[in-house]
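Below, all heavy atoms of this structure are taken into account, side chains as well, without hydrogens, waters or symmetry copies. Note that this is a predicted model, so its numbers are computed, not measured.
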Amino acid sequence: MHVLVSGASGLIGSALVRRLESRGSSVLRLVRRQQGKPGEVPFPEEGKAPQISGLTAAIHLAGAGIASHRWTAAYKQEILESRVRPTRRLAEWLASQQDLPQLLICASAIGIYGDRGDEVLTEDAAAGDGFLAETCQAWEAAAQPARDAGIRTVHLRFGIVLAAQGGALAKMLPAFRLGLGGRLGSGKQWMSWVALEDVLRTITFVMENSAISGPVNTTAPHPVTNAAFTHALASVLHRPALLPVPAFALRMALGEMADEGLLASTRAVPQKLEQAGFLFACPHLHDALSATLKRE
């Protein structure tokens, strides 16, 4: 396969490039630099959209971090624009190719469902309310030019990706290793998680299964509550988890992001993947955490 990847230096992207190359695929990295190195393609600007022949798929993973800054009005705008504008431009560029790629895979997130309590959320569930939900809707809609051109388009709605080297889990580990971890707020909110290994396997599965299109919940089949997640992580690390963080403290420290990113309840399940016959390497949390931490 001949694959174009944006966000190739990120947590998922760097692991994905290694996986694709190990399987014999030719990978081009889509970069912001206009003077690309060998194996790199500058992000297409207006009037500068080169033709690439033989492209099998484009995988778009880039975007500003959701939890890396407090959500000021300016940073919320950056989160939105870093997803919507590049996705639309990439979709337009792919649609302009004389030799159309077969597939566009775009990152999205289960934040599209909003705070939904105990409701089980498949890909057929309606979008929710709030900044993240609105951002994800605009993000997915931005790929419309590719769909209109007949390119199979898939939106991977990521849950919390478990990886020791980055992401949410890496931020939790120092406190939990010291025995200072605990549930967030009531701990009753549902967390939809997925091991990085299963993210990589999902991407290759989608590439190889032409019947899959549209939104795909990229989550393990067994979401857990925050309290259960906390207990499992502490158990794998052989540490107590006795220091809960009150909701008000999270809101004071993080503002709006606390409610939408840490306290919201999203019980998403991977209906499309399971119906297509995908088998998870790590379907259960305790095993996923154990396998993830062994790879450190």
Side-chain angles (χ1 to χ4, degrees), residues 7 10-12 61-88 106-121 125-142 155-163 166-176 180-194 215 217-219 223-230 233 243-268:
L11 175 66
I12 296 172
L61 302 172
I66 294 293
S68 56
H69 293 79
R70 189 180 179 90
W71 284 5
T72 62
Y75 194 65
K76 286 171 67 175
Q77 189 65 23
E78 182 177 341
I79 289 172
L80 177 65
E81 291 185 359
S82 72
R83 285 158 171 75
V84 174
R85 288 185 179 180
T87 300
R88 183 180 298 114
C106 283
S108 184
I110 59 168
I112 196 168
Y113 301 117
D115 186 358
R116 303 287 277 271
D118 294 331
E119 181 181 357
V120 177
L121 302 163
D129 300 317
F131 170 69
L132 285 182
E134 292 170 1
T135 295
C136 289
Q137 290 177 75
W139 193 4
E140 294 186 6
H155 301 281
L156 298 181
R157 293 177 175 172
F158 291 121
I160 298 168
V161 178
L162 301 184
L169 180 60
K171 293 179 180 178
M172 298 177 197
L173 284 174
F176 274 82
L180 301 177
R183 59 176 169 78
L184 303 179
S186 70
K188 296 179 181 179
Q189 67 272 30
W190 286 91
M191 297 175 63
S192 298
W193 58 274
V194 61
N217 285 347
T218 309
T219 62
V224 298
T225 63
N226 175 260
F229 186 97
T230 297
L233 180 55
L243 296 175
V245 183
F248 77 85
L250 290 169
R251 292 183 179 113
M252 288 180 62
L254 301 172
E256 184 181 355
M257 196 270 282
D259 281 304
E260 293 205 31
L262 300 176
L263 299 173
S265 183
T266 310
R267 192 179 183 181

Check: Tyr75 main-chain N/O paired with Gln77 side-chain donor or acceptor under 3.5 Å:
no
Let me see the working for Leu233 and Leu169 under side-chain contact (heavy atoms from CB on, under 4.5 Å), right down to the final yes or no.
CA-CA 9 Å; Leu233 180 55; Leu169 180 60; 4.0 Å; yes
Validation row, ring centre Trp193 to ring centre Phe229 under 6.0 Å
no
Donor-acceptor pair, distance only, cut-off 3.5 Å: does the side chain of Trp139 make one with the backbone of Ser82?
no
Nearest 0.5 Å, please: how far is CD in Glu78 from OG1 in Thr72?
8.5 Å
Could you tell me the separation between the CZ atom of Phe131 and the CG atom of Asp259, rounded to the nearest 0.5 Å?
14.0 Å
Which pair of non-hydrogen atoms, one from Ala133 and one from Gly114, has the smallest distance, and what is that distance?
CB-N, 4.5 Å
Backbone N or O of Gly185 within a donor-acceptor pair of the Arg183 side chain at under 3.5 Å?
yes
Specify the closest pair of heavy atoms between Cys106 and Thr87, including all atoms of both residues, with the distance to one decimal.
SG-CG2, 4.0 Å
Any chance you could measure Thr230, atom OG1, to Leu243, atom CG, to the nearest 0.5 Å?
11.0 Å
Testing Glu140, His155, Arg157 for side chain to side chain donor-acceptor pair (under 3.5 Å) with Ser108, which one passes?
Glu140
Heavy-atom closest pair, residues Leu11 and Gly167:
CD2-N, 4.0 Å
How long is the straight-line distance from CD1 of Ile110 back to OG1 of Thr266, given to the nearest 0.5 Å?
5.0 Å
Correct closest heavy-atom pair for Val84 and Ala142 would be O-CB, 3.5 Å
Within the side chain of Gln189, is there an N or O that forms a donor-acceptor pair under 3.5 Å with the backbone of Asn226?
no
Could you report the tightest heavy-atom contact between Gly111 and Cys136, atom names first, then the distance?
C-SG, 4.2 Å
Just by distance, do the side chain of Arg116 and the backbone of Ala264 share a donor-acceptor pair under 3.5 Å?
no
Donor-acceptor pair, Thr219 side chain versus Val194 backbone, under 3.5 Å?
no
Any donor-acceptor pair under 3.5 Å from Asn217 side chain to Leu121 backbone
yes
List the atom of Gly63, the atom of Arg83, and the distance in Å for their closest heavy-atom pair.
C-NH1, 3.7 Å
Asp118 with Arg267: basic N within carboxylate O range, under 4.0 Å
no
Sidechain-backbone polar pair: Ser192 side chain, Ile160 backbone, donor-acceptor under 3.5 Å
no
Does any part of the side chain of Thr135, heavy atoms only, come nearer than 4.5 Å to the side chain of Lys76, both counted from C-beta?
no
Any donor and acceptor pair, going by atom type alone, linking the side chain of Glu260 with main-chain N or O of Gly130 inside 3.5 Å?
no
Calculate, to the nearest 0.5 Å, the distance between atoms OG1 and CG belonging to Thr225 and Leu184 respectively.
11.0 Å
Taken to the nearest 0.5 Å, the spacing of Ile112 CD1 from Phe158 CZ works out to 13.5 Å
